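Being a predicted model, the structure only gives us computed values, none of them experimental. Values reported hereafter were calculated over all heavy atoms of this structure, with side chains retained and with hydrogens, waters and symmetry mates removed.
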Amino acid sequence: MTHEAPSRQALSSLPRYATVSRQVFDGQDLTSLRTLELWFVRCSFAGADLRHATLDGCFFKLCDLRSADLRGASLRGVSLAGCDLRDADLRDTDLSGGQLGLVNTGSKPHGLTDITGAKFDNAITRDLKIDQVIGWIQ
């Protein structure tokens, strides 16, 4: 049995700290999505359009955001733990106070956030905490 991922409207109406688990949003148009500190666990947003989305305070654990378009998104206080952000477009995003880190799976490199090839031009990274991230260039 397959479950359809929640729509943009359904995501926007979820209560603060609600958990969205194992949902696939690959290639979806989620531009200007606004959420309240949701927890995304093992969700896939590969190639999704999240331009100008407001995802402040959201927690992403073991999520796939490969090639996602996050240009101009507000990601203040976001936590990305063990996520795949390879080739994601994070230009002009606000990552203030966010975290890029790992999930302890016991077998590295599994559980490390991978930002290889991600674009961060003009991103605001004030107080961004980075811990054991693959692909981070100082």
Side-chain angles (χ1 to χ4, degrees):
M1 181 174 5
T2 59
H3 298 290
E4 194 170 316
S7 67
R8 174 195 348 232
Q9 208 167 9
L11 283 173
S12 295
S13 64
L14 288 172
R16 182 172 272 139
Y17 309 123
T19 299
V20 179
S21 184
R22 298 183 183 273
Q23 296 297 314
V24 178
F25 302 94
D26 293 355
Q28 287 191 23
D29 179 359
L30 298 170
T31 54
S32 301
L33 172 69
R34 296 174 92 57
T35 64
L36 292 172
E37 299 173 350
L38 299 181
W39 285 62
F40 293 99
V41 180
R42 294 188 183 272
C43 291
S44 183
F45 295 88
D49 188 347
L50 288 154
R51 285 174 297 148
H52 304 289
T54 301
L55 301 168
D56 296 343
C58 285
F59 181 83
F60 293 85
K61 179 180 176 184
L62 299 170
C63 291
D64 185 351
L65 291 135
R66 282 175 296 151
S67 300
D69 189 346
L70 291 144
R71 285 177 291 164
S74 182
L75 303 170
R76 290 177 291 203
V78 74
S79 178
L80 294 152
C83 294
D84 189 345
L85 287 146
R86 287 177 291 166
D87 299 317
D89 193 342
L90 293 127
R91 290 178 290 174
D92 303 310
T93 58
D94 185 351
L95 289 156
S96 299
Q99 296 180 16
L100 300 176
L102 73 155
V103 173
N104 188 359
T105 61
S107 60
K108 288 182 184 175
H110 303 292
L112 297 179
T113 292
D114 189 345
I115 59 168
T116 304
K119 298 178 189 96
F120 286 91
D121 303 338
N122 299 316
I124 300 168
T125 57
R126 180 178 47 253
D127 299 324
L128 178 64
K129 294 177 185 77
I130 300 162
D131 183 31
Q132 299 186 47
V133 172
I134 298 169
W136 185 258
I137 299 170
Q138 294 285 340

Do you know the tightest heavy-atom contact between [X] and [Y]?
{"X": "Leu80", "Y": "Thr113", "result": "O-OG1, 3.2 Å"}
{"X": "Ser12", "Y": "Leu33", "result": "OG-CD1, 3.5 Å"}
{"X": "Leu70", "Y": "Leu55", "result": "CD2-CD1, 4.3 Å"}
{"X": "Ala53", "Y": "Leu30", "result": "CB-O, 4.3 Å"}
{"X": "Ser13", "Y": "Ala10", "result": "OG-O, 3.0 Å"}

- What residue pairs, at least two apart or across chains, pass salt bridge (charged side-chain N to carboxylate O under 4.0 Å, His left out) with a residue in residues 52-61? Asp56-Arg76
- Pairs in or reaching into residues 35-53: which pass salt bridge (charged side-chain N to carboxylate O under 4.0 Å, His left out), with residues at least two apart or in two chains?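 Listed once each, the pairs are Arg16-Glu37, Asp49-Arg51, Arg51-Asp69.
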Shared ILVMFWY cluster between [X] and [Y], side chains joined below 4.5 angstrom?
{"X": "Val78", "Y": "Phe120", "result": "yes"}
{"X": "Val133", "Y": "Phe60", "result": "yes"}
{"X": "Val103", "Y": "Leu100", "result": "no"}

- Carefully, step by step, assess Leu14 and Thr35 under the rule side-chain contact (heavy atoms from CB on, under 4.5 Å). CA-CA 8 Å; Leu14 288 172; Thr35 64; over 6 Å; no
- Query: Considering only heavy atoms from C-beta outward, does the side chain of Leu11 approach that of Phe40 to under 4.5 Å?
  - Reply: yes
- Message: Would you say that Leu38 contacts Cys58 through its side chain, given a criterion of any heavy-atom pair below 4.5 Å between the two side chains?
- Response: yes
- Flag the pair Arg66 and Asp84 as a salt bridge only when some basic side-chain nitrogen lies within less than 4.0 angstrom of an acidic carboxylate oxygen. yes
- Please confirm whether the backbone N or O of Ala46 pairs with a side-chain atom of Ser67, one donor and one acceptor, at under 3.5 Å?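 No: the side chain of Ser67 does not pair with the backbone of Ala46.
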- What residues, two or more places apart in sequence or in another chain, satisfy ring pair (Phe, Tyr, Trp, His ring centres under 6.0 Å) together with Phe25? Phe45
Using links of under 4.5 Å between side-chain heavy atoms of ILVMFWY residues, direct or through other members, which residues join [X] in one cluster?
{"X": "Tyr17", "result": "Trp39, Phe59"}
{"X": "Leu36", "result": "none"}
{"X": "Leu102", "result": "Leu112, Ile134"}
{"X": "Val24", "result": "none"}

Mind checking what makes side chain to side chain donor-acceptor pair (under 3.5 Å) contact with [X], not counting sequence neighbours?
{"X": "Asp29", "result": "Thr31"}
{"X": "Thr19", "result": "none"}
{"X": "Thr54", "result": "Arg34"}
{"X": "Asn122", "result": "none"}

- Task: Kindly indicate, with the supporting measurements, whether the criterion side chain to side chain donor-acceptor pair (under 3.5 Å) is fulfilled by Ser44 and Asp26.
- Result: CA-CA 6 Å; Ser44 183; Asp26 293 355; 2.5 Å; yes
- Task: Report the distance from atom SG of Cys83 to atom CD1 of Ile115, rounding to the nearest 0.5 Å.
- Result: 12.0 Å
- Decide side-chain contact (heavy atoms from CB on, under 4.5 Å) for Leu90 and Leu75; before the verdict, give the C-alpha distance in whole Å, the side-chain angles of both, and the deciding distance to 0.1 Å. CA-CA 10 Å; Leu90 293 127; Leu75 303 170; 3.8 Å; yes
- Query: Who are the salt bridge (Lys or Arg N to Asp or Glu O under 4.0 Å) partners of Arg91, not counting sequence neighbours?
  - Reply: Asp89
